[in-house]
Amino acid sequence: MKTEYFTVTGMSCAACSAHVEKAVAKLEGVKSVQVNLLTKRMAVQYVPEQLTAEAIIQTVVKSGYGAFLFDQKSTQPAAAPDNQTADSEKTQFTASLIFLLPLMYVSMGKMIGLPLPAFLTGTENAVLFVLTQFLLALPVLILNRRFFTNGFTALIHGAPNMNSLIAVGSGAAVVYGIFALYRIGYGLGHGDLVVVQHYIKDLYFESSAMILTLISLGKFLEARAKKRTSEALTKLIQLRPPTAQVIRNGIEAEIPVEDIILGDTIVIRPGQTVPVDGTILDGSSSLDESAVTGESIPVEKTVGDTVISASHNLSGSFIFRADRVGSDTTLARIITLVEEAASTKAPVAKLADTISGYFVPIVMGISLIAFLGWLIAGAPFEFALSTAISVLVISCPCALGLATPTAIMAGTGRGAQFGILIRSAEGLELAHKISAVLLDKTGTITEGKPSLQHIEVFSETYTANDILWIAYSLEYLSEHPLAHAIITAAEQQKLSPIKIQGFTALHGKGIYGTAALHRYIENDLAGNLTVGAGNVKLCKELGVPVSDHIMTRLTESAENGASPLLITIGDECAGLITVADTIKDGSIRAIKDFREMGIHTVMLTGDNKNTAEAIQKMVGVDEYAAELLPQDKQTKLEHYRKLGFSPAFIGDGINDAPALTAADVGIAIGGGTDIAMESADIVLMNSSLETAVTAIQLSKAVMKTIKQNLFWALFYNSLCIPLAAGVFYTLFGLKLSPMFAAAAMSFSSVSVVTNALRLNRFRPKNGQMAHSRRHSEAVCTAALEAQSGQLQEKEATASQPCTTTCCSAAQTQTTALNAHLPGENHSTDTKGADKDTDMKENTSMEKTTVLTVEGMSCGHCSARVEKALNAIAGVSATVDLQAKTATVTHPDAVGADALTAAVTDAGYSVTAVQ
């Protein structure tokens, strides 16, 4: 099976696209075909052994349209709106208007008391009067000849469309005008002035020209509006720089981005944009990835880190290796996904196409019936003809055909700005019906990276720093999954591992060895001691007693979802270290938003029941299922579907591929190039669960817009066709002239597209994302100005912290709940602080907490954070701007929530607490 994309030309309404679909679908070997009126794109899935692309193109041509293969290998996807189309429509309308204005003056000037030249007045000049109108109308007909060529071609092929209605309607008016010209000439030649007087009052040249000019105006406004619907996608395309600085053979040269090849070494300087995906070889910098990931906070990058195309380099210089180029880059893949989503059809769009396919022939039938009916009823020929033309013109199904694709294009483009990639229109439509969200725990609700949460000391001989030091020395030699968290915490304290002899790992129990602690730790005169890190089984193995108090603390740690690790020194259990996977910032807010939207939330995890239950209590999900395998998650999806839910699954897109595929809507949550784009219907370029909430809110907004468009398009036709046919004429004297019918038809199309454009102003209902973006823009501006030496008076304003408190409560709640893991890196020790030089020791009255603070960009920022924390009674804080941390010594009575609230009130955000 092969899928090929074609560009189809000549389509103007939903009936056109429906006819092309029907014609291609009849070909042997075609599995599916979808035609998008807005993008002029056709996707055909077919068996290559039975059919060729050339045969498909020929079928489209025979249907009265043009077609050619779309080049998907282009590094510049053809998603950008065609500016030439809008310019061409504008030129055509302007030229038509130039001839229409004098035509209207000649034809209607006398009616409103305007003077006419003498050679155009009087019965004796009737031929000149009519001929002048015909000559002024003729350029308008020529300028808009496409409506006639396309319309009559479609009519000949048995597939009448919007152009057919226009061609027949305006053509009939012109033919009648020419007929009137001959009748006037006959009357003057035979002295029959009654005939001349009759026909000189019933000319429709101005109607025909007005119809074509108004429709041309509608097409121009429509083309301009269509261009705006894909504005976000256009901006994405324009993000890629045209050139790049590449080092080849030791020489740096500027080359076009299209000429970059795999393995090229590329230089990036401050203010430049990353042209392709790659890996940093030398240097470091801060990159703004918001255009791709939707995350407004800059990301620090150094040697070994990956960089994404379209990222903007804020500061620093670096050299990186090109790993993905051309259409393989993240930016190109994003644009391709958005294009494909715009080219696919939602079920509701297929309904509109079906209606449009039958609509045009029915309208032509109604027009004929109205014409004959009025003639039979004894109405004048001119009245019957005017009625028939009005029905044809006002019934053009432009609005119906544009109702869905414009909304989908605007919605997918807007989603791309938030880092939301909608892979299919069907997924976008189904997302608004979601009634249950099943979430993977690790990497979705939590960070997916365990970190050290808590150190507790049970011995009077050792400090918290000693416990961490010994654990680090043992785990440094281990490959246990929790080792990384302990190693990271120790290295942050700049510790070096103690030499361990006789290192032994006991499966299911822990690790141990011997160390000459007296060389490292004061007041230890016992020489070599056995040290261990593990569970209760290891303590039994080493003959170390475990008290009831320690067992209670182990149980409490497990119930809080943490992994406890006992540290033994000699013959005593000296301390406890707990490691846990922390809750992501925003997960609690996101789940709360889901519940407020009426969506049932279920957490699925392979972890044990205790951990799952603890996470459930913290984040507030309705249900959880623990100890699951990947295939079990798929089974759970079917279970909730049978219960009557429409389930969505949110996961990291790798191990969760079966569940993502099986769900009604699969949402892959990840970061940068690591996302699994093939399994999900919606791909999130950042790792925030709040973006998933935004995706569903966007789906609801798009579907609301589509329904509004379809309602007004159908309501408009239902109301106006009877009016144009003269149904209300005998009762109320109401009749619609062809000119007003043309104006109304054009207005309906423009109003539908304009309604879809409102999606460009879509904002998520929770204010967190908008607040974060505003603050980040302010601090990034300050950083750039400082770098260029322009940060003087303006620095005080640009770096002024955001005072918005819309998310303070949510941040405080998140931090407080994370603290229950528990979230502070503290210890209890009765010896005093004199033995601990690397880590401040906590007593029952005092503890040390390290906050990771985002949003600080200069010395003013760090000073504000430090001032805000030190303003709390009993608190002593120091802020490290480079590390983005605040080290706080505070009483037990002052919790992490109070510290976080102080930072938040100062205009910054706390992303981690240790």
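Along the sequence shown, residues carry numbers from 1. Keep in mind that this is a model prediction, so the values were computed, not measured.
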- So, the side chain of S688 versus the backbone of E690: is there a donor-acceptor pair under 3.5 Å, distance only? yes
- Kindly compute the distance separating NZ (K707) from CG (L710), expressed to the nearest 0.5 Å. 10.0 Å
- Query: With T601, which residues qualify under side-chain contact (heavy atoms from CB on, under 4.5 Å), at least two apart?
  - Reply: L439, I591, F594, R595, V621, D622
- Task: To the nearest 0.5 angstrom, please state how far the OG atom of S17 sits from the CD atom of Q34.
- Result: 11.0 Å
- Determine whether V33 and Y46 make a side-chain contact, defined as any pair of heavy atoms from C-beta on separated by less than 4.5 Å. no
- Item | Exam field: side chain K40 to backbone M11, donor-acceptor pair closer than 3.5 Å | yes
- Minimal non-hydrogen separation, L698 against G415, with atom names: CD2-CA, 3.6 Å
- Item | Minimum side-chain heavy-atom gap H19-Y65 below 4.5 Å | yes
- List for me each residue that meets side chain to side chain donor-acceptor pair (under 3.5 Å) alongside K433, sequence neighbours excluded, and say none if there are none. none
- Among all residues two or more places apart in sequence or in another chain, which pass the ring-ring contact (aromatic ring centres under 6.0 Å, His included) test with F711? F715
- Query: Looking at V35 and E21, what are the two nearest heavy atoms and their distance?
  - Reply: N-OE2, 2.9 Å
- Query: Which residues satisfy the ring-ring contact (aromatic ring centres under 6.0 Å, His included) test with H600, sequence neighbours excluded?
  - Reply: F645
- Sub-4.5 Å side-chain heavy-atom contact between I583 and T446: yes
- For A67, enumerate each residue passing the side-chain contact (heavy atoms from CB on, under 4.5 Å) test, keeping only those at least two apart in sequence or located in another chain. I57, V60
- Less than 4.5 Å apart, any side-chain heavy atom of L430 and any of D681? no
- Hey, is the main chain of A756 close enough, under 3.5 Å, to the side chain of T705 for a donor-acceptor pair? no
- Could you tell me which residues satisfy salt bridge (charged side-chain N to carboxylate O under 4.0 Å, His left out) with K2, sequence neighbours excluded, listed by chain and number? E4
- Message: For a quick test of reading the model, state the closest non-hydrogen atom pair linking G29 to Q50 and the distance between them.
- Response: CA-OE1, 3.0 Å
- Ignoring hydrogens and angles, tell me if any N or O in the side chain of T605 forms a donor-acceptor pair with the backbone of A626 under 3.5 Å. no
- Query: Atom OG1 of T412 and atom CG of L421: how far apart are they, to the nearest 0.5 Å?
  - Reply: 10.0 Å
- Query: Side chain of Q45, backbone of K31: donor and acceptor closer than 3.5 Å?
  - Reply: no
- Message: Measuring from atom CE of M597 to atom NZ of K592, what distance do you get when rounded to the nearest 0.5 angstrom?
- Response: 14.5 Å
- Item | I667 side, atom CD1; I682 side, atom CD1 - distance, nearest 0.5 Å | 4.5 Å
- Give the minimum heavy-atom separation between T444 and K584, together with the two atoms involved. O-CD, 3.4 Å
- Task: Could you tell me whether the side chain of T329 and the main chain of G326 form a donor-acceptor pair under 3.5 Å?
- Result: yes
- All heavy atoms of A648 vs all of I434, minimum pair found to be CB-CD1, 3.6 Å
- Task: To the nearest 0.5 Å, tell me how far H312 NE2 sits from L287 CG.
- Result: 9.5 Å
- Using the side chain to side chain contact (heavy atoms under 4.5 Å, CB included) rule, take I420 and L684 through it: C-alpha gap first, then chi angles, then the decisive distance, then the call. CA-CA 5 Å; I420 301 167; L684 309 182; 4.0 Å; yes
- Has the side chain of S699 got a donor or acceptor atom that lies under 3.5 Å from a matching backbone atom of A695? no
